[in-house]
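Below you'll find the structure, written out as structure tokens, and then a few comments.
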Amino acid sequence: MNAFAAILRRDMLLAWRSRADLLISLAFFVIVGCLFPFGVGAEPNQLRAIGPGVLWVAALLSCLLSLHRLFAQDYQDGTLEQMLLSPDPTVLWILAKVLAHWLTTAVPLLLITPLMALMFDLEGGAIQVLTASLAIGTPILSLIGAVGAALTLGLRGGGALLALLVLPLFVPVLIFGAGSVDAYLSGTGASAHMLLLGGGVLGSLALSPVACAAALRISTE
Amino acid sequence: MNAFAAILRRDMLLAWRSRADLLISLAFFVIVGCLFPFGVGAEPNQLRAIGPGVLWVAALLSCLLSLHRLFAQDYQDGTLEQMLLSPDPTVLWILAKVLAHWLTTAVPLLLITPLMALMFDLEGGAIQVLTASLAIGTPILSLIGAVGAALTLGLRGGGALLALLVLPLFVPVLIFGAGSVDAYLSGTGASAHMLLLGGGVLGSLALSPVACAAALRISTE
Amino acid sequence: MLQVTDLACMRGDRLLFHGVTLNLEPGQMLRLAGPNGIGKTSMLRILCALVHPEHGEIRWHGKNILKEREAFHADVLYLGHAASLSELLTPLENLELMARIACHRQSDDKACEQALDRIGLGERLDLPCKVLSAGQRRRVGLARLFLAADKPVWILDEPFSALDVRAVADLAETLDEHCDRGGLVIYTTHQEVAFRTPVTTLDLAEYAA
Amino acid sequence: MLQVTDLACMRGDRLLFHGVTLNLEPGQMLRLAGPNGIGKTSMLRILCALVHPEHGEIRWHGKNILKEREAFHADVLYLGHAASLSELLTPLENLELMARIACHRQSDDKACEQALDRIGLGERLDLPCKVLSAGQRRRVGLARLFLAADKPVWILDEPFSALDVRAVADLAETLDEHCDRGGLVIYTTHQEVAFRTPVTTLDLAEYAA
Amino acid sequence: MKARHKRLTLILGGLLLLIGATALVLSAFRENLVFFHTPTEVAEGKAPTGRTFRIGGMVETGSIRREGVEVHFAVTDTARSIPVVYSGPLPDLFKEGKGAVVQGKLGTDGVFAASEVLAKHDENYMPPEAQHAIDQAQQAAKTVQQ
Amino acid sequence: MSTSESRFNLYHYAAPQAFYPVAGKLAPIFAVIAAALTLAGLWIGFFKAPTDAVQGEVYRIIFIHVPAAWMSMFVFLVMAFWSAVGLAMNTRLSALMAQALAPTGAMFCFVALWTGALWGRPTWGAYWVWDARLTSQLLLLFLYLGYMALVAAVDDPRRRDKAGAILCLVGAVNVPIIYFSVKWWNTLHQGASVSLTKAPSMASIMLSGMLVMALAAWAYTIAVALYRVRVLILERERHADWVRGELTRLGEAN
Ligand code: HEM
Ligand SMILES: Nc1ncnc2c1ncn2[C@@H]1O[C@H](COP(=O)(O)OP(=O)(O)OP(=O)(O)O)[C@@H](O)[C@H]1O
Ligand SMILES: Nc1ncnc2c1ncn2[C@@H]1O[C@H](COP(=O)(O)OP(=O)(O)OP(=O)(O)O)[C@@H](O)[C@H]1O
Ligand SMILES: [Mg+2]
Ligand SMILES: [Mg+2]
């Protein structure tokens, strides 16, 4: 647990030191979100209909944008090598990094989501469902994304390649996440969607660190 | 002109070296475009309404993703220092880098935009306007983005806050770019939007390399 | 203690060296020598299980290091070419992180500060590593040596580069001490450095393909 | 030729050195010496107009280098700590790019290939620089010296680091030749290297604040 | 030994997570995740009001009625049926007694205003003669029952 | 420190070398089988099989759509299998097999999507709907593309093999989702006509045409994979003596 705590602490510290980076991905989320009322025209019905989808897409993209930073810096300065040499199990500190990524990128989005949702004229219950779906769904994005980030480490065009690799796996999350709000609004209730997302979290929590560890070992070889 | 040609050639070579790269950033554009139907639902009327906006956002994102790499690599390995030591004027080779960036990332997108627009069920005239607006608008993104990229090099705190200012600069481009299609469809004609975008290109062509050069000098000091 | 059998290393499609067989005992100091690009760095990375060798195996206390990776890593300290520093963190923060990751016996604030002091960075504790000079960055990494007395195997890739003359002598003394207490030091360098401990030299050029 | 007057350098809120006054003539070789972190790299970067000094000025042929930046840069070759290589390009492509950017007199394929050959990278021409060893990467940068006979001022930051013994001797010879033909060499190093040319040493420790 | 212990705990933890994941996913499938709603669900008020959604079922036999460009028909799942109005091209396979999925809004008058009509067929493939034979058999069975 | 005589043999993994000639012998056989089965299948499908009672003639797309759809899923599973073998046993050949299969799988995936869309227009009334079956199949295509892009982007052969293998294993979760999507969700796409647990709900002559075409797709896949793996082996081992010999032999043959 030594390495887990140390790396979690360090990554949070680094995030704090370069707050501007965090602000950028938050600003990105806000801007993508704000853009649609401009681009689509502000007809309330239409806004309400596309709102959850747009916010989910914005969150997904903003996660994607920050993913390539997950290991890149450590890889370049050799810290990653040192982490791989830790006597602690690799999956543990990978979880620490992913957790730090989620805390620093997704949580700020979660906090601002209700505000953004108001912009799309969503009502209270829908906002709650949307925020909850984001809260359960974004860890999946971070976990799966970590595997992609590890695989594309050091490859040219890494950012775009990463996007290509993980987007197919992100899409189901997006569908169920955005779908949950629809389901809620349509009266069928969002619990099935939430359960699926929850299953996704547990499943990716079990599998992705292992895949990620293997990918990191290959990438640093 | 020595440095201009050499750097343009090198950046194109780097892009060519991994031919797959062009395909990858295209795939990224395509996938981001496809994401919105996933998230928003696929009702044809709605798709048609959000189509231009979505494609503009996708283009902007794919530009943004690659902008990050514009100077970062050169900065880290010290090539940027060597470029600043060139006896040729700095603005010249900055233009070379921006041009290479535009050629390798924006132009492929332009080529595939009509296809993507068909996916959103846009009609012929609208597709032409959309492609034209992208062709005029994307150089502005590259030019403004370059300043942001230069400012964010290595600096944090104040400098990175300035970088945040760059993102909002993209918004007007987006509004006028996506708006041009709406204007065309509503019958008012897109020429006003195009003229504005054209003015934007010329303006940023004049100002951004200078700002960029200054920013680079500060960043490497 | 550390047994290397018939080791071969391949990079891309080029065979760098092959047939390296070694048996290293406690207290020994091994220098990998050879011209640039012969494969010294590659060999060190194989020795600490970061890279799979093309052929051959390495045993630590009789166990294959690739199979018992975590147990082996508990006994190894590796300092590579790169400094392994986070640019935005201070030397102290960096050192603490590294010590924690590597599970050094001593990894608290106090011990780290002392280590930095001994390596000559006592007054530079509050600067981000980004602004340090080349030699100072190197020293932050080397400070780990003072925390890692309990790790028997030290694997160091060009530890002397960028250090000034004083620092080189100090470092040599530290390595000597490690050997005295029964540690094993494997290093590369292109400089001539004087040690008290007798140095075994392995010239990789002799094993080149 | 190169006149340095009352130079002072400040990093962050720390004054590194001050009061450095120098007058360098053709054929001279200047070594900046001093312990780690004293400000050698900072001084070299000031000397080639990458950084503004805190105080004092530098004149090249009587003209302030910060004012006549482009003219000065036409006469200077600077090799920093970092290798300045694009990881994905081959040594040849990298060298050609650098030669073009710096407007070296010779910058065609032929000349670059010869330069790489002389520096000992003749057979590694088709590999991306990413996979080269530390010494080989350093050599790619140093190959520029063979193309830059026409640039009078060479400013080199630890050019000998990572080089093997043979390469160090060769490089020393190259620097000597440059001085012979009236060039000016300013360098730093922590290693002891023998030159034919008499070396002026500037110990920055004497000017430290 | 300690390392092996750690590894074992990790593997156990992973397995537990996987079991949890399967449990969640399975219970999710007991709730419904749908491309379309059935008429019964609509009748029970489980379908959205005032929003676009899809209903799926059979086109009720004898319900198709054309009025100018508008087509009226009913979609049924044998228990309930919903009247639908639609104007636009219909797929070739749109027939009485066959499956269909219609997208649109439920009006306040209980009529579903469709914006899109899709035909849904089943997994049976057979030549017309066989189909004919089956139809006759079913007809016979029905007559017998009556 | 002995300079002991090395027993090292650079190309000690004989597998690729041994497999190369075997593949060379098998590939043409499967190619011939594939051609024969395709002809037979098309003949049954277009001349022997009767018109469908509901769909009329258009249902004949089934003879291409279903084999392609089956193959596209199956090939990904096979790639995942080879990937697992490669990661677990460190055999070189298995990664090459996975890489050789990918383009064929992507091709079938694309064909399934394309024919499905063409078929959807006359039957459902729409080329495309976002139901679970269609969406997950589209994602399969993206996964194939991602796999090929990743493999193309990595230079180092060892890293290429392993990175591709990991992506393959991760992506394989999509395949059961595709297959069971029609069961789990209400989809516009029909349910399974053929399954192991119940009798096929399809006239037997139609079924036999479809199965023959499916066998043809198998044979084709095997043949193409074998041809491609031979090329990959040559490329991978281009510095080995036997490859040099083989290349000169091929050169002379031309
Ligand atoms: C773009 C649209 C379509 C896609 C992506 C698609 C995809 C697939 C896939 C992946 C399978 C294999 C899964 C399985 O064996 O259960 C399949 C099977 C099948 N599809 Fe499609 N399909 C599409 C459109 C259609 C249409 C329009 C029809 C008929 C009207 C159709 C009829 C069938 C049939 C009969 C099977 C065989 C089912 C079985 O026996 O297992 N498909 N399709
Ligand atoms: N893909 C590849 N193809 C061919 N050769 C390669 C490839 N990757 C690495 N090499 C070679 O492998 C060698 C790696 O050397 P390594 O870094 O181990 O050398 P070193 O002995 O540490 O040298 P130095 O003294 O310069 O640090 C280099 O000669 C490099 O050119
Ligand atoms: N922001 C800052 N605040 C205080 N000190 C700073 C700051 N930035 C840099 N420094 C100090 O300035 C010095 C820069 O040294 P420089 O890199 O020039 O040293 P050097 O003589 O080249 O050393 P080396 O031999 O290690 O290469 C370092 O001591 C560093 O700690
Ligand atoms: Mg080395
Ligand atoms: Mg220095």
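Owing to the predicted nature of the structure, the values given are computational and were not obtained by experimental measurement. Just so we're on the same page: letters track the sequence lines, and every chain starts at 1.
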Residues 200-209 of chain D side chain polar contacts: donor-acceptor under 3.5 Å, at least two apart:
residue	atom	partner	partner atom	Å
D/Thr200	OG1	D/Gln28	NE2	3.3
D/Thr200	OG1	D/Met29	O	3.3
D/Asp203	OD1	D/Ala205	N	3.1

Exercise. Who wins among D/Ala33, D/Pro35, D/Ser42, D/Gly34 for the most heavy-atom pairs under 4.5 Å with chain C?
Worked result: D/Pro35
Exercise. Do the side-chain N and O atoms of C/Thr197 and C/Asp176 include a donor-acceptor pair separated by under 3.5 angstrom?
Worked result: yes
For this session: Counting only heavy atoms closer than 4.5 Å, note whether C/Leu163 contacts chain D via side chain, backbone, both or neither.
Result: both
Seminar exercise, completed: Honestly, the part of C/Ala162 sitting under 4.5 Å from a heavy atom of chain D is both
Problem set entry | chain D contact via C/Arg139 - which portion, at a heavy-atom distance below 4.5 Å | side chain
Exercise. What's the verdict on salt bridge (Lys or Arg N to Asp or Glu O under 4.0 Å) for C/Arg137 and C/Glu87, showing C-alpha distance, side-chain angles and the deciding distance?
Worked result: CA-CA 10 Å; C/Arg137 299 164 63 97; C/Glu87 305 268 89; 3.0 Å; yes
Exercise. Is the C/Phe160 ring parallel, tilted or perpendicular to the C/Tyr187 ring (thresholds 30°, 60°)?
Worked result: perpendicular
For this session: Look only at the side chain of D/His81 and the backbone of D/Glu158, and say whether a donor-acceptor pair between them is shorter than 3.5 Å.
Result: no
For this session: With a 4.5 Å cut-off on heavy-atom pairs, point out which of D/Asp164, D/Ile38, D/Asp157, D/Thr41 contacts chain C the most.
Result: D/Asp164
